[in-house]
Amino acid sequence: ACRCPNWHQLALKLGCAGLILLVLSLTGLSVLVRILVQKPPIEKCGVSAQEIMAVPTERSAIPTCLKDWQPYRDKCLFISQIRRPWSEGLVDCSVRGGTLLLIEDQEELRYFQNFSKIEGHQFFIGLKYIQVEQIWKWTNESTLNPDLLQVTGKDKENSCAVISMTEVFSDTCSADNRWICQKKLKHV
Ligand SMILES: *[C@@H]1O[C@H](CO)[C@@H](O)[C@H](O)[C@H]1NC(C)=O
Ligand SMILES: *[C@@H]1O[C@H](CO)[C@@H](O)[C@H](O)[C@H]1NC(C)=O
């Protein structure tokens with residue numbers, strides 16, 4: 001029905017194709033521009049989203065101490081505010097998912113002596129005299145290394161170690177003292 005010449009139809013088709021290409025490339029371009037413009041906010045969103053997501057998996061991602069626990073090196077510490085016999089401190093730490101304090105090196109020893117000084121209190125730690133073996137043992141079953149510290153006072157039955165600003169000494173396990181619990185942070 002069209003009496004137009006062939007080249008006219010061809011030009012029309014080419015024109016249409018060109019128009020479509022133009023629209024497509026414009027759309028593409030605007031999408032590109034939008035991505036480029038939005039890039040910084042998207043990255044910021046990503047970071048904060050990661051921080052939020054880190055909360056439920058905090059043990060494996062960003063190690064942090066729970067409320068009431070304070071960080072020290074690779075540990076979280078709980079400081080009791082009440083005074084009770086050693087065995088009650090032992091149970092309390094265990095209920096809280098930790099153990100009584102285990103002192104690993106000189107630096108830690110000095111840190112907790114200083115801590116006792118600042119707090120003005122002495123604390124039970126996870127060290128007890130084992131009468132049958134006649135040795136001081138940590139609650140993790142390791143024998144006390146005398147190069148690390150020596151417990152002053154009597155080595156006798158029912159003796160538990162207390163840390164003060166100047167020393168670690170032997171006290172009766174049934175005496176009332178504050179205590180320090182520890183929890184090890186798991187490394188990533
Ligand atoms: C137990 O604790 C002591 C004191 O921190 C440490 O020297 C020792 O290596 C620990 N033992 C084990 C088996 O973890
Ligand atoms: C004792 O602890 C305080 C407070 O944490 C700190 O400022 C000070 O340097 C410590 N002193 C020693 C000898 O470690």
Side-chain angles (χ1 to χ4, degrees), residues 47-48 50-52 54-188:
V47 169
S48 58
Q50 269 174 9
E51 280 164 3
I52 291 162
V55 172
T57 57
E58 70 187 24
R59 282 214 185 133
S60 57
I62 307 161
T64 48
C65 296
L66 295 174
K67 190 177 163 285
D68 297 334
W69 294 74
Q70 49 178 277
Y72 171 68
R73 292 191 357 188
D74 63 343
K75 295 178 177 181
C76 295
L77 306 170
F78 175 84
I79 317 296
S80 85
Q81 298 301 317
I82 54 169
R83 299 165 74 238
R84 290 279 186 278
W86 186 86
S87 56
E88 288 191 36
L90 183 78
V91 169
D92 177 69
C93 293
S94 153
V95 165
R96 292 175 192 277
T99 64
L100 279 167
L101 178 67
L102 303 170
I103 296 174
E104 281 163 37
D105 52 38
Q106 293 288 334
E107 186 193 324
E108 216 173 320
L109 176 63
R110 279 193 296 274
Y111 176 85
F112 286 105
Q113 287 184 331
N114 187 30
F115 184 82
S116 304
K117 184 178 174 182
I118 292 162
E119 293 280 309
H121 288 281
Q122 57 195 35
F123 300 92
F124 274 132
I125 58 174
L127 184 62
K128 188 183 196 298
Y129 187 67
I130 309 297
Q131 176 67 25
V132 279
E133 296 170 74
Q134 305 214 324
I135 47 166
W136 285 88
K137 261 191 176 175
W138 296 106
T139 50
N140 66 4
E141 299 297 325
S142 288
T143 305
L144 172 65
N145 172 5
D147 292 338
L148 171 63
L149 65 90
Q150 288 184 357
V151 183
T152 58
K154 293 199 179 87
D155 292 349
K156 58 171 189 178
E157 201 165 4
N158 274 319
S159 292
C160 289
V162 168
I163 191 164
S164 74
M165 58 184 271
T166 50
E167 59 186 351
V168 173
F169 67 93
S170 167
D171 198 0
T172 315
C173 296
S174 56
D176 284 328
N177 279 304
R178 293 191 177 195
W179 61 90
I180 301 175
C181 303
Q182 71 166 42
K183 239 191 269 191
K184 280 266 195 176
L185 285 171
K186 293 184 187 72
H187 289 286
V188 188

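All residue numbers refer to positions in the sequence shown, counting from 1. Remember, it's a predicted structure, so these values are computed and weren't measured experimentally. Order of appearance sets the numbers: ligands from 1, and atoms from 1 within every ligand.
Within ligand 1, counting atoms from 1 as listed, the ones closer than 4.0 Å to a heavy atom of Leu102 are 5 (O). If you number the atoms of ligand 1 from 1 as listed, the ones under 4.0 Å from a heavy atom of Ile103 come out as 4 (C), 5 (O). Close approach to Ser142 involves these atoms of ligand 1, each under 4.0 Å from a residue heavy atom: 1 (C), 8 (C), 10 (C), 11 (N), 12 (C), 13 (C).
Residues satisfying the side-chain contact (heavy atoms from CB on, under 4.5 Å) criterion with Ser170, sequence neighbours excluded, are Trp136, Val151, Ser159. Under the rule for a salt bridge (charged side-chain N to carboxylate O under 4.0 Å, His left out), Glu119 has no partner lying at least two apart in sequence or in another chain. Considering only residues two or more places apart in sequence or on other chains, Lys154 meets the side-chain contact (heavy atoms from CB on, under 4.5 Å) condition with Lys156.
For Gln131, the CD atom counts as densely surrounded, since its 6.0 Å shell holds more than 12 non-hydrogen atoms of other residues, nucleotides or ligands.
A 4.5 Å side-chain heavy-atom check between Leu101 and Phe112 finds at least one atom pair inside the cut-off. Looking at heavy atoms from C-beta onward, Phe115 lies out of side-chain contact with Tyr72 at the 4.5 angstrom threshold.
For Trp138, no nitrogen or oxygen atom sits less than 3.5 Å from a nitrogen or oxygen atom of ligand 1, counting backbone and side chain alike.
In this structure a side-chain-to-backbone donor-acceptor pair under 3.5 Å is missing from Glu88 to Asp176. Proximity of a side-chain donor or acceptor of Ser94 to a complementary backbone N or O of Leu90 within less than 3.5 Å is not detected.
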For ligand 2, what N or O to protein N or O distances fall under 3.5 Å?
residue  : atom   : partner : partner atom : Å
ligand 2 : 2 (O)  : Asn114  : ND2          : 2.3
ligand 2 : 11 (N) : Asn114  : ND2          : 2.9
ligand 2 : 14 (O) : Asn114  : ND2          : 3.2

